[in-house]
Amino acid sequence: MATQFDIIRNQAEAAARNAAARVQGGLRRDASLVNQASRWAGRTLTQGEAAVRSRAGEARRRSSAARETAATQAPPVRPAPDGYVRRSPVQPLHVAVDYRRRLVTRAVTAAVVLAAVGVGIYLLSMLGIFTR
């Protein structure tokens with residue numbers, strides 16, 4: 001029959017074993033290469049997100065200053081096919097000052113990229129990559 005002291009001793013030993021197992025598991029987790037890689041990946045991801053956010057904020061601040069708008073003249077009022085002539089005032093259309101330049105830049109960039117892809121495909125076909 002177990003005495004009160006035996007029960008207390010068994011409980012203390014079990015608590016010591018549990019604490020030792022807990023410490024051992026923590027050491028095993030800290031020494032794990034997978035855990036370290038996961039921590040590094042998480043840290044890199046958060047640092048990368050912070051860098052992207054800061055660059056986006058800088059670009060937004062720069063572009064907001066450069067994106068001033070200018071009012072353009074509304075087209076002349078023409079009668080509708082049924083003969084109705086609009087007599088209400090027309091609000092001026094506000095367009096970014098460098099809108100046309102940005103539009104042309106995008107079109108030229110797209111044309112250059114498409115031409116480069118075409119030349120790349122042509123060169124690969126001349127090398128016989130696409131034929132057997």
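- To the nearest 0.5 Å, atoms CD (Gln36) and CZ (Arg29) are separated by 13.5 Å.
- Separation of atoms CG (Leu45) and CZ (Arg43) is listed at 12.0 Å; rounding is to 0.5 Å.
- In this structure, OH on Tyr122 lies 10.5 Å from CG on Leu127, to the nearest 0.5 angstrom.
- In this structure, Arg9 places its CZ atom where more than 12 heavy-atom neighbours from other residues, nucleotides or ligands lie under 6.0 Å away.
- Here the side chain of Ser32 pairs no donor or acceptor atom with the backbone of Arg28 at under 3.5 angstrom.
- To the nearest 0.5 angstrom, Ile121 atom CD1 is 12.5 Å from Ile129 atom CD1.
- Although no hydrogens or angles enter the test, the distance criterion places no donor-acceptor pair under 3.5 Å between the side chain of Ser38 and the main chain of Val34.
- Arg22 CZ to Asn18 CG: the interatomic distance, rounded to the nearest 0.5 Å, is 6.0 Å.
- Note: the hydrophobic cluster containing Met126 also contains Val119 (ILVMFWY, side chain heavy atoms under 4.5 Å, direct or indirect links).
- Taking each heavy atom of Phe130 and Leu124 in turn, the nearest pair found is CE1-CB, 3.7 Å.
- From Tyr99, atom OH reaches atom CG of Leu103 across 4.5 Å, with rounding to the nearest 0.5 Å.
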